[in-house]
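In what follows, a single structure is set out as structure tokens and then discussed.
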Amino acid sequence: MIDFAVFSITIIAVWSVLAISLHLQFGLTGLVNFGQVLPFAVGAYGTAFAAAHGLPAWAGAGIGVTLAPLLGLLVILPASRLAQDYWALVTLGAGEIFRLTMLNVPVIAGGDEGTSVYRFQNADLAMVLALTLLLVTLLFARRVGASPLGRMLRVLREDEVLAATLGRNPFRLQRMVTAASWVMAAAAGVLYAHVTGYISPSSFTVLETFVIWTAVVLGGPSTITGVLLGTVIVQLTSVSTRFVAQWSGLPSDLVANLRLGAYGLVLILVFLYRPQGLIPERKLRYDADRL
Amino acid sequence: MLTVCDLSVSYGRFQALRSVSLQAAPGSILGLIGPNGSGKSTFLNVIAGVQAVASGEVRLDGTLVPLGLPERVAAHGIGRSFQTPRLAHRLTVFQNIMIGARPQAGERLRSLFLQPATVRRREADIQDEARSVLRRLDLSHKANDYAGMLSGGQQKLLSLGMLLMGHPRVLLLDEPAAGVNPVLIERQINLLKELRAEGRIILLVEHNMEMVCGVCDRVVVLDSGAVIAEGDPDAIRRDERVMRSYLGEPA
Amino acid sequence: MRKSLLAACAVVLLSAGWGETGQAAEDAIPVGVIANLTGTDVQSSLDMVHGAQAAADKINASGGIKGDKIKVIVEDSEYRPAAGIEAATKLFDVNKVSAVLVFGGSSVTLPIAEMAQPAGKIVLNTSASSAKLGDYPGTLYSTLPLDDIVGAQLGDYVAKEGVHTAVFIVPNNTFGTGLMDKAAAAFTAHGGKVLKEIAYSEGQPDYRADLQAVQRLKPDAIIGAGYGDDTRTVFRAARELGINAPWYVAYPSIFAVEDPKWMEGRLMGLDNGGLDSPLAKTLSLQATKQYGAAPRPNYYYAYDAMTLLGLAIEKEGTTAADIKKGLPEAVKGYQGATGSIDWDARGQRINPPMDYFVFRNGALQPAPAP
Amino acid sequence: MLQILINTLIYSGEIGIIAVGVALSYSVLRFANFAHIQFAVVGAYLAFTLNQFLHCPLVLAVILAAVLTGGIAVTVDALVFSRLRDVTPEGKMIVSWGVALLLRSTMGAIFGSSSRVFGLEPASLQIGDAFFTSLDVVVVVVAILAMILLHFLLYSTRLGTALRALASNADLAATRGIPARRMVSLMWFICGAYAAIGGSLFALESQLAPNMDLIILLPVFASVTLGGLSNVFGAALGALGLSLAQNLLIGVDFGSWFSANSWSVPTQFRDFIAVGAMVIILLLRPYLARRRRAV
């Protein structure tokens, strides 16, 4: 049980980093990134590329973590002038383009077959690294969220024009958030690659993006506790369906389908009855009467 | 001195503004009136940079103000409020006031992580200033309410307060009195007079003639995107063309 | 409200989790089966599960292994590497299995082997055929021959049939392109000429665009691989485009023939042999009775894998190290549903019995070897 | 070349029927409706059930499936989207993914994850050196009829006028006394029905699987984007253009232009073309829009 728990915690930590990255983009800034899996995949594929071409692991991590924010800027550069639902389509498409490229150009990292990368032999070490990464991103996101910057990002979420007439450059802020959060997601990707030891395109489909979205929307996109709670619930549901299938005697494929359906239902119900998620944004109080 | 020269805007064949020119001196309130669709809001939008422009130029004390770039316009000390107030609805009144302050060290990642002390000091200053602005608006008791929960009149006051935090030299106000109760209108009038006394330039787009006549030093009348009259409020009241374009509105 | 919700979630998840570990029975030998119960190619995957179960049932019916019954635990891989690894971790750690039988393409099997190797566990491969799977000696054993073997055989076969020019048509995945590479190498080694290699995306409604080039090139033959309903659509496209070249394929039994009349005599291929053994026939009848349809070959590979595993456990013991020692012994002289199994030092099948088929009278008929 | 044109027509017919619904709902409700793709899958499954299990004649089965799917779409609107008035467009888009996931897994739970085929055996036809089947003809004819019917519905009936008024300005339409609620329901019905027809054609030509939405999704959204998102017949033209681009790139032998060796774009890049076109058009959109405004 211990090893499985360690593995599960590692995976949950990785997904939590992705969720925090989406929290910065969507929860704070209001950027609808339907290609959240892209920076994750870029991080993982940087590692895979290095492994496939005999480069050291740190080089792979470097490639992934640098390339992801650059791609992010490329995608957001013109897209920042688009309405959010267009940007959603652009990011969705960009993620798919990346996956299709990896699938159809085997020179990069093995095509459909994928590539083995160095795998952490010590599961505890992997968990500690994942938790460390989570802690770093968490502290970063918390510092940003509670700062004047976080306040201005929330203004951007509410009304870009307001931010502009107040003398801020919305695109600069959006670029900054994209770069920072895509670095996070890419780092998660690098770690994920070394945890699973194997990278292939089928790990980075549109569905992965929606697992992250479900978690973030369920927990409450605007708070860190919210997205963490959402991730834990979604990932534990995913893990526990294995046990539920055995325990209940229902066919596994039915249980797997029900699980996906449950994600869908969660998205719908949360928007209908609890649009702010399980943990809504906390009101920051100031003493206005002090002299 | 704010100088607007030959400002024209067109959408396809429709001319929203036809070479509008005007001047406003520091410590004065310039009223901008005209029937609906006469181009008043477009005029403010162009100066504030919210709207791309076809031709013309805007200068503040001789310096050219860039057009179509709201964030750069704001840096020149020009602030605009909107007819339907633009606010961050899911932030509190106090936070809304604070975001008006500029520049904020805490909005740059580098200072946020490398100069926390500077950030903290600036933040404390902003809070102090926000308190005084709230007192000036008489909104202190609403400080911790969400901006979206305020009444229309209070929202207008709030957006004025946001502007004040940026110490603008020019205030572009879009119908601050529309749909606002008389008590709050009175408070706004007093506030505008104070601001004039501080030497700011105020462009006031307003339908409420009582307010216009009460505070404006000069009034410009727009119709179909062109200036049709200009003068002191009393002269404008008597102008025949203005009466005609306002048709039915008591002059 | 929030707290109670959290508490409820925690209780449900934990009870589900711990409840399971409690009931791992002492006197049963757990064996893991990882199959994609969702995702692509579910039907073959289920056949594989049934095959493994049939072998376990047979062992259990005859009193188990030294009195202990085999307990089959099935986990879903969703045809995704991440879920496959999660399934394997759970089986190794929670259910304490020493060995898993894996169904799925190499994109699922390889990552599982990658993690089983350092963990010292055993993987029995019943469906993937990438030549890369040979890189895990002592960890991964296959009951079906890998692409390097079958591909080479296919290339030889086509060349010996007197074909000079050929076009390859395969699905764009590891199986398709891997087989294509090996077959093309063997084919060209015999002096054949490959005019074009087409790797089609799976699941498209129409492959006419893909096949148009073939119409122009007029090859002597088409060499192919593929499975499932996609192959039906590919055949239809070929028929509609008036491409009348014969098809030489690997594993014709997993192709879906679209128009039997048109296909008459036009589809030839080689398949892993041994399925005409009495044991395979009995199993086929049994499975048909139980599940309503004759099973696909993966059923027999899984059956053999489970039986070999049982033999190895009987010989040496239940730990992974025991099984590793026992498997090469168990396979000696074993006559399985897929014929006799010879393993090389890597634990991969060599000299597999090959059957040759031709499509006649609406079904695949045995054909003479070249 | 003729073959390329024929392939283009067939593929764009299948995609186009689905795409017009996405554009229609975008024009009225202003959000990208991902659930629409799933209506196509649901419709195809319904047609399959009616035809294979209840032994309806195929044509009747498809028509019934279209009506039923229309009903499902209306129900989805009543239960979910009509109650999300105040949610932002991106919020509705996220919810539409939720609906899609739910519908997909329902299909998976009922019909199993493995694929199904109708098992039709259409006749082969030939014009010159181009080949096609009787089913292809049916697909193209149905697609054209569906477009004509939609055009008639939108431009020659009072319902259509009302719907278009709603699309161009919802507030104004409300003041003119157009019953917005009923119009939106009608729109959902049309969308569901068209998606079902498109999905059934798709399934008839190939196969039926719960996850076939992922194969349809990208080309459909690419077509809709090419057509300008809220332009119904633009979406149909977008499907045509996209399909032509895909088939040309795959079908033309570029190698023969430069050398004796034949070389064309490998067919697996077909999806690539669709997604690439969508992203490029979206990225260029602000510049295109600005130019239009400046003129």
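Just so we're on the same page: letters track the sequence lines, and every chain starts at 1.
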Heaviest contributor of heavy-atom pairs below 4.5 Å to chain A, chosen from D:Gly276, D:Ala109, D:Ala32, is D:Ala109
Bottom line for D:Val80: the part with an atom under 4.5 Å from chain A's heavy atoms is both
Under a 4.5 Å cut-off applied to non-hydrogen side-chain atoms, are A:Arg99 and D:Val275 in contact?
no
Measure the shortest side-chain to side-chain distance between A:Ile268 and D:Trp97 over non-hydrogen atoms and say whether it is less than 4.5 angstrom.
no
Turns out that what part of D:Phe34 lies under 4.5 Å from chain A's heavy atoms comes down to side chain
Turns out that what part of D:Leu79 lies under 4.5 Å from chain A's heavy atoms comes down to backbone
Write out, in numerical order, the residues from residues 235-243 of chain D with a heavy atom short of 4.5 Å from a heavy atom in chain A.
none
Heavy-atom proximity to chain D below 4.5 Å, by part of A:Leu103
neither
Between A:Asn104, A:Leu267, A:Leu92, A:Leu260, the one whose heavy-atom pairs under 4.5 Å with chain D are most numerous
A:Asn104
Quick check on A:Val270 against chain D: is it the side chain, the backbone, both or neither that has a heavy atom closer than 4.5 Å?
neither
Looking at side-chain heavy atoms only, is the closest gap between A:Phe271 and D:Arg83 below 4.5 Å?
no
Side chains of A:Phe34 and D:Ile94, heavy atoms from C-beta outward: is any pair under 4.5 Å?
yes
Tightest non-hydrogen contact, residues A:Leu89 and D:Met278, listed as O-CE, 3.4 Å
Bottom line for D:Leu218: the part with an atom under 4.5 Å from chain A's heavy atoms is side chain
Does some side-chain heavy atom of A:Thr101 sit less than 4.5 Å from a side-chain heavy atom of D:Phe272?
yes
If one checks every heavy atom of A:Phe98 against chain D at 4.5 Å, the contacting part turns out to be neither
If I compare all heavy atoms of D:Leu102 with all of A:Gly261, which pair ends up nearest, and what's the gap?
CD1-O, 3.2 Å
Given heavy-atom pairs under 4.5 angstrom as the criterion, report whether the side chain, backbone, both or neither of A:Leu269 touches chain D.
neither
Drop me the distance from A:Thr214's OG1 to D:Leu101's CG, to the nearest 0.5 angstrom.
6.5 Å
Is any side-chain heavy atom of A:Leu272 less than 4.5 Å from a side-chain heavy atom of D:Leu84?
yes
Could you check which of A:Trp213, A:Phe210, A:Phe26 has the highest count of heavy-atom pairs closer than 4.5 Å to chain D?
A:Phe210
In terms of heavy-atom contacts, A:Ile97 and D:Val279 come closest through CD1-CG2, 4.2 Å
